[in-house]
Amino acid sequence: DASVSYAVTGGTATAGVDYILAAGTINIPAGATTANITATIIDDLLYEPDETIIITLSNPVNAVLGENSSHTYTILDDDIAPTIQFTTTTSSGLESTTSVNFQLTLSVVSGKDASVSYAVTGGTATAGVDYILAPGTINIPAGQISANIPATIINDTLYEENETIIITLSNPVNAILGENSSHTYTILDDDTLPIIQFASPSSSGLESVTSVNISLSLSSSSARDVTVDYTIAPESTARGEGVDYTLLGTGTLTIPAGSLSGNITLNIVDDNIPEPNETIIITLSNPVNAVLGENSSHTYTILDDEVIPTIQFAQASASDWESVSPVAISVILSPTPTEAVSVDYKVTGGTATRGVDYQLVDGSITILAGETTTVISLTIIDDSLAELDETIIIYLSNPQNANLGPNISFTYTIKDDDFLKVLDVKSTSAIISWRTASPASSTIEYGPSPEYGLLRSKPDLVLEHQFYLA
């Protein structure tokens, strides 16, 4: 009989994992020329390289070792390659979650390193603006079943739509692509709505500035179009429809995505009418993709640049005899108006009595466009009563298309022209006044009889004569 020892002395296969073969001695009986060493191969499900078992002979008995004292057995792997794919096809996270991992898995553990290429192939997010993820290759080492593709999310302050990143796998090595070869990650925007409002609550401009932009602003840039409705408030004093300005009573302003401001444009009508300053009040409402700020209303004041004429009496006072009637009291206007101007007048005082000493009904006068003067006609009642001079005070008010000048009050004095008067009579004195038709000296008798007393005027040749009697 011949015998020889054997043992596994090398190879890539692992005893107990890939095969079962204990060291031992094999006997070839006398008369025989062969014998078999029996090994058991373990049929696993592991996709792996072909593996080897090296068996070496030693210690022959009744024989010497030949050249083939070592045998290499190769286990040919018959398992299929695992699939490699994303664990899920979709995922999402807040924009503030800046570090994100996209997991890949193998269908089974592999005995070979598996790798796969990846790249961003679509989505609404922008590389370098919304995320950082360069194309690359990821490796799953033998014996492991998963690995992660890392990405960085850029947390901006831009109010925007949720955005997506589509990552696609390709070129697998030691694996085949599974069904989930594409993954969509959604960046959930967590920025607050921007504030929309007028840049200022009020502004003004000359009437000659015919195109006016009323500016609206956003507190921060938005990736979405922002819209807001506007209306003209009824308390505005300016009139639209081409009278003082042109702007639809209602409208909608759009601030495009990426912009921080927009304008509502007013077209101001530059007329030639002197008038008070007028206001246009614009109010915002119904913002979309924004919230209203504090300045949700804007008042624009149209500054009238026409010279408003001044209306007043031509003089502050005048006088004449009681017999002079009617009296034309001049009212003047400067500069020449481009439209009709009116003003009210009213007797507000004086010592004369309406209906006894004069006739004048309170009313209004009008100076037509292109004219600068008119008169108030005052009728004086000429009585025969010797009396003190009397006054009439007339006051102007409520001008239309003009401002009042300094001479808004006029005093007219009615000079009594009755020849003989006894004035300021007291218990111990009196004033005697008379006038002559022409300059001359004259005499007046007084007392209970013609012989009681005589007044003689001074020899000055005057019309007015007056004595004080005590």
Side-chain angles (χ1 to χ4, degrees), residues 194-219 222 225-311 333-344 364 366-371 398-404:
I195 296 171
I196 188 170
Q197 61 183 344
F198 287 106
S200 64
S202 62
S203 61
S204 62
L206 292 175
E207 188 178 65
S208 56
V209 180
T210 55
S211 182
V212 177
N213 287 325
I214 308 299
S215 179
L216 282 78
S217 62
L218 290 177
S219 58
S222 174
D225 290 349
V226 173
T227 63
V228 66
D229 295 339
Y230 61 85
T231 57
I232 303 299
E235 57 267 29
S236 302
T237 58
R239 292 176 58 193
E241 300 176 351
V243 177
D244 296 308
Y245 67 92
T246 300
L247 179 68
L248 292 177
T250 60
T252 300
L253 175 74
T254 298
I255 299 180
S259 297
L260 282 170
S261 62
N263 294 316
I264 297 172
T265 300
L266 296 171
N267 293 314
I268 306 301
V269 177
D270 187 12
D271 55 34
N272 294 317
I273 302 173
E275 56 194 341
N277 296 336
E278 296 171 306
T279 57
I280 306 168
I281 302 173
I282 308 172
T283 302
L284 303 179
S285 63
N286 305 322
V288 176
N289 295 328
V291 293
L292 283 180
E294 184 177 350
N295 293 340
S296 61
S297 178
H298 183 90
T299 300
Y300 182 77
T301 302
I302 304 172
L303 303 175
D304 188 62
D305 53 6
E306 277 76 40
V307 178
I308 299 178
T310 298
I311 192 168
L333 191 63
S334 178
T336 303
T338 58
E339 62 178 340
V341 172
S342 64
V343 68
D344 295 341
S364 65
T366 298
I367 299 178
L368 299 177
E371 299 182 2
N398 301 323
Q400 300 297 317
N401 301 324
N403 292 327
L404 290 174

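The minimum heavy-atom distance linking N263 with L253 is given by the pair O-CD1, 3.3 Å. Shown here for I232 and S236, the closest heavy-atom pair between the two residues is CG2-OG, 3.7 Å. Between A238 and I302, the closest heavy-atom pair is CB-CD1, 4.1 Å. For the pair G242 and T246, the tightest heavy-atom approach, listed with the atom from each and the gap, is CA-OG1, 3.7 Å.
Residues V343 and L404 are in side-chain contact: their nearest non-hydrogen atoms beyond the backbone lie under 4.5 Å apart. At a threshold of 4.5 Å between non-hydrogen side-chain atoms, the residues V291 and I196 do not count as touching. Within the 4.5 Å cutoff, side-chain heavy atoms of I255 are placed close to those of L218. Side-chain contact between S211 and I268 is absent, with no heavy atoms from C-beta onward closer than 4.5 Å.
The CG atom of D229 sits 6.5 Å away from the OG1 atom of T227 when rounded to the nearest 0.5 Å. One finds the CG atom of L266 at 5.5 Å from the CG atom of L247 (value rounded to the nearest 0.5 Å). Put simply, CG on L368 and OG1 on T366 are 7.0 Å apart, with the number rounded to the nearest 0.5 Å. For the atom pair L303 CG and N277 CG, the distance stands at 5.0 Å (nearest 0.5 Å). Atom CD1 of I282 is separated from atom OH of Y230 by 8.0 Å, given to the nearest 0.5 angstrom. The distance from the OG1 atom of T283 to the CD atom of E235 is 6.5 Å, given to the nearest 0.5 Å.
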Q) Please walk me through it: do V269 and D244 pass side-chain contact (heavy atoms from CB on, under 4.5 Å)? A) CA-CA 5 Å; V269 177; D244 296 308; 5.6 Å; no

Q. Could you walk me through whether L284 and L216 pass the side-chain contact (heavy atoms from CB on, under 4.5 Å) check?
A. CA-CA 10 Å; L284 303 179; L216 282 78; 3.7 Å; yes

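Test I281, I214, I280 against T299 for side-chain contact (heavy atoms from CB on, under 4.5 Å) and you get one pass: I281.
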Give the table of side-chain donor-acceptor pairs shorter than 3.5 Å for residues 197-207, with sequence neighbours excluded, one pair per line with atom names and distance.
from	atom 1	to	atom 2	distance (Å)
Q197	OE1	E294	N	3.1
Q197	OE1	N295	N	3.0
S200	OG	S202	O	3.2
S203	OG	H298	NE2	2.8

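The backbone N or O of T279 sits less than 3.5 Å from a side-chain atom of T237, completing a donor-acceptor pair. With hydrogens and angles ignored, the 3.5 Å screen pairs no side-chain donor or acceptor of N213 with any backbone N or O of T265. In this structure, the side chain of S219 engages the main chain of I195 through a donor-acceptor pair within 3.5 Å. Here the side chain of N289 pairs a donor or acceptor atom with the backbone of D225 at under 3.5 angstrom. The backbone N or O of S208 sits less than 3.5 Å from a side-chain atom of D305, completing a donor-acceptor pair.
A search for side chain to side chain donor-acceptor pair (under 3.5 Å) contacts involving D344 returns N398, not counting sequence neighbours.
Around atom CD of E371, more than 12 heavy atoms belonging to other residues, nucleotides or ligands sit under 6.0 Å away.
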